[in-house]
Amino acid sequence: MDTRPKNPEGTPYRMEDLRSGAIPYTEDSLEAWYRWSLGKYLGKYLEGLREGKIYGRRCNNCERIYVPPREVCHHCFRTTDEWVEVGDTGRVNTAVVSYISADRGRVEEPIIIAVIELEGASPGIGILHRLGNVSPEDVKSMKIFGKRVRAVWKPPEERTGSVNDILYFEPIEEV
Amino acid sequence: MKMNIYRKNRVACVGAGLTLFRRRLMETSDELMWLAARQALDEAGLTIEDIDCIIFGTAPDNFDGIHMQSEALADGAGAVNKPYTRVYVGGGTGVFSVIAGWWHVASGLCDRVLVIAEEKMSHVQPHPQYLFHHIFDPVTEKPLGVNLIWIFALEMHRYMYKYGIKKEDIALVSVKNKRNALDHPSAQVAAKITVEDVLNSEVLVWPVQRLDISPVSDGAGALVLVSESEAKKLTDEPIWIDGVGWSLDTMYWTNRDLAFPVYLYYAGKMAYEMAGIENPRKEIDFAEVYDPFDYKELHHMEGLQLARKGEAPILTREGVTERDGDLPINPSGGLLGVGNPIAAAGIMKVAEVYWQLRGMAGKRQVKKDVVTGLAQAWGDLMQVGTVVVMRR
Ligand SMILES: [Zn+2]
């Protein structure tokens, strides 16, 4: 019996074939600009960041505390009940060293990225952010895993109400 | 959780088709769909007049740059003046489109369904990777300059940390799949490589390196699904889809257990219950699990209960997952070897299970006699699992 797929079709080309005109093509770009209203919860989250505070929401049914704050507890499918200010300290759940930018170009200085479980939020509730004063070696050896870190904030006058109001998290115990 | 699922018809797969998978194909998306659809219909011995409805899958919006993609590609899908539906769960779309085809037949609504999926990633400049920037939350994550590979690297590293897994063992998956793909006629990045090649390849986001990742691809795939009565008219060897399952975890991915794919555990459980499978490790003879990254094959084996937590790298090292092993995984060559035109790659996996169960995989045919196979995909923001269980 024949092997399947039998003679799969398609005509491969190389980037150079476009440049040389061997493969005809056309170009266009999509441009769209968005203005997102932040709703009842993320607005206060960003306002808190501007003030140097990290807010979460607590569900009184299962007692989970969520960061970022949100309307619905997905475990209970009910409205979360109250605002909680969690700490700006936490522990590193996982960390990596990025050598590329969002468009896949190489970056000059590697960026260290982590999921940080904030103290005051429920176990396993982490946020994405950068780490500072940590070497790529500390990440590759996994020594940074489980270590306590603290947010390093921009000066108050430079904050805009953004996740970037935190410059990065840095270790507050020996790595 | 007990499912109340009513199935009127048993559903069979009777034909499959694929294009080449390549970094760049000159054909347009609808031209590629036509090539795959024609091959699947020919294999089934049907024409488009015989088809009751068409299910179309394509993954992230806007690789084609048209905000109406299913409509734009209706002609290539053979869908003009027929019931036609696009389904979408990101990278899980390919297998999910098969699930959608399944429910059209299982419910009794249709007798003969064409399922077709395509992805043409090569349009996007300067690199298709950038489109993925727009799948993240614009408030809490995009301002950090998030790259898709970050989240996979974070998950891979957590998995390695939790179970003490070495990169060398993960790299074995890439070595195996690229080698398996040498026997796949559609394959884009089949190669004989070593663990050292993987460990010496460009570091993108540690621990992820160039050869840990599947490529950017163009391609299309198609399947024909029919009811039991139709199947018996068309072939003596129908391949049955006896279980389907899908499940989605929260969008807040930093709140999840990154070491274990819970979404897939639930999707697998649903498919196993439907197919009457109590011990997946014993009853699944081989599987095509979703492997856009090498660690993901291991992660997914564990989510599917084909290995205990942290055990998949050990099975891989022992050769259990090779084509001549006790539990062959990705005999096609997977996304790491055949390529990753996202939704079409999911169809490629289901097609492989179909061809393996028919004994039509040629040099790729697994050594053991196989009766039950599984295909799985994964996607959205790392959060969805889609599963089909097939039998001969
Ligand atoms: Zn709750």
Interface moiety of [X] toward chain A, non-hydrogen atoms closer than 4.5 Å:
| X | result |
| --- | --- |
| B/Arg23 | neither |
| B/Tyr161 | both |
| B/Leu258 | side chain |
| B/Thr19 | both |
| B/Glu31 | neither |
| B/Met156 | neither |

Which value, rounded to the nearest 0.5 Å, describes the distance between A/Asn7 atom CG and B/Gln39 atom CD?
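The distance works out to 8.0 Å.
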Of all of A/Gly124, A/Gly105, A/Gly146, which one pairs up most often with chain B through heavy atoms under 4.5 Å apart?
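Most heavy-atom pairs under 4.5 Å with chain B: A/Gly124.
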Pick from A/Leu18, A/Val67, A/Thr11: which one has the most heavy-atom pairs with chain B under 4.5 Å?
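The answer is A/Thr11.
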Do you see a donor-acceptor pair shorter than 3.5 Å between the side chains of A/Arg64 and B/Asn255?
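The criterion, which ignores hydrogens and geometry beyond distance, is not satisfied for B/Asn255 and A/Arg64.
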Quick one: does [X]'s side chain get under 4.5 Å of [Y]'s, heavy atoms only?
| X | Y | result |
| --- | --- | --- |
| A/Arg4 | B/Arg358 | no |
| B/Pro207 | A/Val96 | yes |
| A/Pro8 | B/Phe21 | no |

If you take all heavy atoms of A/Pro5 and B/Pro185, which pair is closest and at what distance?
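Closest pair (atom of A/Pro5, atom of B/Pro185, distance): O-CG, 3.3 Å.
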What part of A/Leu49 gets within 4.5 angstrom of chain B, counting heavy atoms only: side chain, backbone, both, or neither?
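Neither the backbone nor the side chain of A/Leu49 comes within 4.5 Å of chain B.
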